[in-house]
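So the structure is just underneath, and the comments pick up after that.
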Amino acid sequence: MKLYPAFSSLALALALTALTSPPLHASTGPGVSWQAAAADADIDRYFVQAKAEKKPVLLYWGAKWCPPCNQLKATLFNRADFIEQSKAFVAVGIDGDGPGAQKLGTRFKVRGYPTLILFSPAGNEITRLPGEADAAQVMKVLQLGLSSGRPVKAVLADARAGKKLNANEWRLLGFYGWETDEQQLLPATERAATLAQLAKASEGADADTATRLWLKSVGSMAEGKPADPAGLPRLRAVLTDAAQAHAQMDVLTNEAPDLVKALTPQPGDARTALLADFDAALKRLNADTSLSRADRLNALQARIDLARIDSPKDDPQPKGIPAALLAEAREQAGRANREVTDGYERQAVVTEAAHLLGRAGLWKESDDLLKSALARSHSPYYLMSQLGSNARKQGKKQDALRWYEEAFNKSEGPATRLQWGSNYVAALFELSPEDTPRIEKAAAQLFAEAEKDPGAFYERSERSLKKVASLLAGWSQSPAQTAAYTRLKTQLDGVCGKLDPSDAKAKSACDGLLKTKKA
């Protein structure tokens with residue numbers, strides 16, 4: 001599932017715990033005792049505690065509505081081994097809607113929910129936990145990080161310099177949270193080539209890690225860029241070996257179309273054979289009850305994505321998906337809706353099932369599933385946004401706007417409201433650009449929300465506001481729109497004027513949003 005930058009089994013696993021109750025507080029039950037952080041002072045206090053206790057710090061960044069965060073809570077947080085392991089570190093949770101959460105996000109350079117970072121007792125970043133692996137793999141990586149204590153940045157430097165690494169150090173690189181790296185180790189443009197270099201260098205040290213690094217390097221390549229065709233037999237060997245396919249489950253399910261297109265750029269016999277191997281491997285993963293339900297559904301979605309690989313990317317009615325596969329999508333989505341009772345797992349599983357139904361072109365089934373889940377969701381606004389997206393893809397403009405607006409109105413938490421509000425404004429610009437009064441009203445409401453939130457000009461919240469400002473800046477020059485823009489700029493100037501003068505970063509970000517509009 002690629003709705004989020006990472007399905008972090010480790011990151012997610014921990015995230016999971018953090019979301020025991022929104023907002024995140026120190027646990028009083030038998031589970032992990034997450035300590036909430038809402039400001040720099042909180043973080044600094046926990047690092048002092050960690051140094052005194054000689055314990056590393058595990059920092060979790062997440063949000064109540066986030067499906068992968070909820071998946072972690074449903075699958076990892078209640079694991080006895082994770083709870084036991086948590087005694088070895090200071091667990092710190094940052095709820096993305098907390099008062100200073102977005103400012104802390106800037107400090108630690110985190111964007112995607114969930115992100116999980118392990119620090120040494122001295123406060124040095126050791127590693128970012130992966131966002132895709134299953135819970136058992138996550139536990140292994142966490143234990144590696146806790147036992148090593150060596151920053152992955154130093155490990156990477158040694159690897160690139162040709163120095164010898166042991167198998168555990170290679171595993172730290174293989175299972176690093178590359179999707180949540182935020183260019184801490186590498187510029188994004190260098191990732192694919194560096195991963196390929198690491199894959200080659202790790203051969204002989206740990207076979208699974210070398211394969212994982214190679215698969216990630218191919219999946220990270222620029223879209224449309226073919227990989228070395230010599231890698232095709234290697235991929236087919238992974239797919240036909242059940243043990244290898246299970247070990248690389250997260251990469252195979254998340255990167256399936258990219259891997260196929262990179263290694264077989266054109267339709268033909270080679271692609272047909274690869275697709276057959278891929279489908280067989282994904283069928284096994286979909287039926288593997290040792291995996292979570294969300295991971296199994298992810299394998300089913302990958303099958304659907306491969307079945308529509310030659311259809312246009314955003315085609316709402318893809319051709320060529322076998323009837324039997326459509327029947328499986330209906331059956332598994334319906335079964336998940338009936339059988340999942342845990343509220344956290346439902347948030348992850350229902351949204352995943354609805355997404356794969358839409359990818360299959362089964363829009364009515366997807367809509368019906370989401371609507372049936374609204375009353376039972378602790379964050380129904382997320383499902384409303386998904387209904388809006390479904391309607392938009394089907395060309396139902398008014399239905400889409402209605403759902404996006406309702407999602408914004410029902411959303412909770414300052415950062416979440418800015419994100420959902422910016423999504424609504426973006427939908428208005430796309431679907432109803434001539435509706436000046438409605439656009440102005442939505443943007444004005446968003447700026448009013450920003451005025452109440454001291455963290456509005458940091459991290460995710462800042463990006464939400466920048467998105468709206470960019471859309472407004474490109475507005476056409478009709479007299480009504482120019483007048484609306486002027487009123488919105490006056491409102492935003494008032495917001496900027498009330499910011500704490502000592503917060504230069506927020507002041508600069510706010511002042512830069514809406515420039516004087518040229519005639």
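- Using a 4.5 Å cut-off on side-chain heavy atoms (C-beta onward), Pro114 and Cys69 make contact.
- Note that CD1 of Ile94 and CD of Gln102 are 9.5 Å apart. Values are rounded to the nearest 0.5 Å.
- Using a 4.5 Å heavy-atom cutoff, the side chains of Glu179 and Arg128 are not in contact.
- In terms of the salt bridge (Lys or Arg N to Asp or Glu O under 4.0 Å) criterion, residue partners of Glu190 (sequence neighbours excluded) are, by chain and number, Arg160.
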Would you sort out whether Arg359 and Asp305 count as a salt bridge (Lys or Arg N to Asp or Glu O under 4.0 Å), showing the intermediate values?
CA-CA 7 Å; Arg359 292 291 293 164; Asp305 285 339; 3.0 Å; yes

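- Within the 4.5 Å cutoff, the side chain of Phe447 has heavy atoms near those of the Leu488 side chain.
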side-chain hydrogen bond (donor to acceptor under 3.5 Å, both in side chains), that's the test. Do Gln386 and Thr351 meet it? Break it down for me.
CA-CA 8 Å; Gln386 207 167 343; Thr351 53; 4.8 Å; no

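- In summary, Glu462 and Lys103 do not engage in a salt bridge, as defined by a charged side-chain N under 4.0 Å from a carboxylate O.
- The two atoms that bring Ala329 and Leu356 nearest to each other are CB-CD1, 3.8 Å, heavy atoms only.
- For the pair Glu440 and Arg487, the salt-bridge criterion is met [side-chain N within less than 4.0 Å of a carboxylate O].
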Would you sort out whether Lys467 and Asn423 count as a side-chain contact (heavy atoms from CB on, under 4.5 Å), showing the intermediate values?
CA-CA 9 Å; Lys467 178 167 73 172; Asn423 291 341; 2.8 Å; yes

In sequence, state the C-alpha distance, the side-chain angles, and the governing distance for Tyr485 and Leu514, and then conclude on side-chain contact (heavy atoms from CB on, under 4.5 Å).
CA-CA 9 Å; Tyr485 182 95; Leu514 292 183; 3.8 Å; yes

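- If you look at Phe429 and Trp475, their ring centroids are closer than 6.0 Å.
- Lys55 NZ: more than 12 foreign heavy atoms inside a 6.0 Å radius.
- Within the model, atoms OG of Ser120 and CZ of Arg150 stand 13.5 Å from one another, a figure rounded to the nearest 0.5 Å.
- Applying the side-chain hydrogen bond (donor to acceptor under 3.5 Å, both in side chains) rule to Gln398 yields no partners; only residues at least two apart in sequence or on another chain are considered.
- Looking at Leu370 and Ser372, their side chains never come closer than 4.5 Å, going by heavy atoms from C-beta outward.
- Within the 4.5 Å cutoff, the side chain of Trp420 has no heavy atoms near those of the Leu446 side chain.
- Taking the six-membered ring for Trp and the full ring otherwise, Tyr113 and Trp61 have centroids separated by under 6.0 Å.
- Here ring pair (Phe, Tyr, Trp, His ring centres under 6.0 Å) pairs that include residues 359-378, with residues two or more places apart or in two chains, are Tyr344-His378.
- Taking both residues in full, the closest heavy atoms of Arg402 and Arg438 are given as N-NH2, 4.4 Å, listed atom of the first, atom of the second, then distance.
- In this structure, the side-chain hydrogen bond (donor to acceptor under 3.5 Å, both in side chains) partners of Asp44, at least two apart in sequence or on a different chain, are Arg107.
- In this structure Lys498 satisfies the salt bridge (Lys or Arg N to Asp or Glu O under 4.0 Å) test together with Glu451, sequence neighbours excluded.
- Surrounding NZ of Lys397 are at most 12 heavy atoms belonging to other residues, nucleotides or ligands under 6.0 Å away.
- Counting all heavy atoms, side chain and backbone alike, Ala333 lies closest to Ala353 at CB-CB, 3.9 Å.
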Would you please test Thr490 and Asp493 for side-chain hydrogen bond (donor to acceptor under 3.5 Å, both in side chains) and show each step?
CA-CA 5 Å; Thr490 299; Asp493 287 343; 5.4 Å; no

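- Applying the side-chain hydrogen bond (donor to acceptor under 3.5 Å, both in side chains) criterion to Asp342, with sequence neighbours excluded, gives no partner residue.
- Listed by chain and residue number, nothing satisfies the salt bridge (Lys or Arg N to Asp or Glu O under 4.0 Å) test with Lys54 (two or more places apart in sequence, or in another chain).
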Chi angles and distances behind the side-chain contact (heavy atoms from CB on, under 4.5 Å) call for Gln49, Arg45
CA-CA 6 Å; Gln49 174 190 342; Arg45 184 171 65 255; 5.9 Å; no

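- Scored by the side-chain hydrogen bond (donor to acceptor under 3.5 Å, both in side chains) test, Asp511 finds Lys507 as partners (sequence neighbours excluded).
- Inter-residue side-chain proximity for Gln317 and Arg308 is flagged as unmet; no heavy-atom pair is nearer than 4.5 Å.
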Take Lys153 and Glu125 through the salt bridge (Lys or Arg N to Asp or Glu O under 4.0 Å) test and state the conclusion after the steps.
CA-CA 9 Å; Lys153 193 168 188 176; Glu125 182 171 322; over 6 Å; no

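- Applying the salt bridge (Lys or Arg N to Asp or Glu O under 4.0 Å) rule to Lys393 yields no partners; only residues at least two apart in sequence or on another chain are considered.
- Within 6.0 Å of CD in Glu339 there are more than 12 heavy atoms belonging to other residues, nucleotides or ligands.
- Distance check: Thr180 OG1 to Ile117 CD1 gives 7.5 Å after rounding to the nearest 0.5 Å.
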Candidate pair Glu352 and Arg296, rule salt bridge (Lys or Arg N to Asp or Glu O under 4.0 Å), full reasoning:
CA-CA 10 Å; Glu352 169 73 359; Arg296 299 200 302 273; over 6 Å; no

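- Applying the ring-ring contact (aromatic ring centres under 6.0 Å, His included) criterion to Phe47, with sequence neighbours excluded, gives Phe119.
- Put simply, the side chain of Leu185 reaches to within 4.5 Å of the side chain of Trp178, judged on heavy atoms.
- When all heavy atoms are compared, the tightest approach of Val57 to Tyr46 is CG2-O, 4.4 Å.
- Put simply, the side chain of Phe108 reaches to within 4.5 Å of the side chain of Leu59, judged on heavy atoms.
- Sorted by first and then second residue, the pairs that involve residues 417-515 and meet disulfide bond (SG atoms under 2.5 Å apart), not counting sequence neighbours, are Cys496-Cys510.
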Under the side-chain hydrogen bond (donor to acceptor under 3.5 Å, both in side chains) criterion, do Tyr458 and Asp503 qualify, and how do the steps go?
CA-CA 11 Å; Tyr458 287 90; Asp503 194 342; 2.5 Å; yes

Audit row: Leu297, Gln332, side-chain contact (heavy atoms from CB on, under 4.5 Å) steps and yes/no
CA-CA 8 Å; Leu297 286 177; Gln332 291 191 39; 4.0 Å; yes

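- Applying the salt bridge (charged side-chain N to carboxylate O under 4.0 Å, His left out) definition to pairs two or more places apart or across chains, those involving residues 368-385 are Lys364-Asp368.
- Across all non-hydrogen atoms, the minimal contact from Ala37 to Ile43 is CB-CD1, 3.6 Å.
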Starting from the C-alpha separation in whole Å, work towards a yes-or-no answer on side-chain hydrogen bond (donor to acceptor under 3.5 Å, both in side chains) for Arg191 and Ser220.
CA-CA 7 Å; Arg191 185 180 302 165; Ser220 298; 5.3 Å; no

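- Across every non-hydrogen atom of Ser432 and Ile439, the tightest pair is O-CD1, 3.9 Å.
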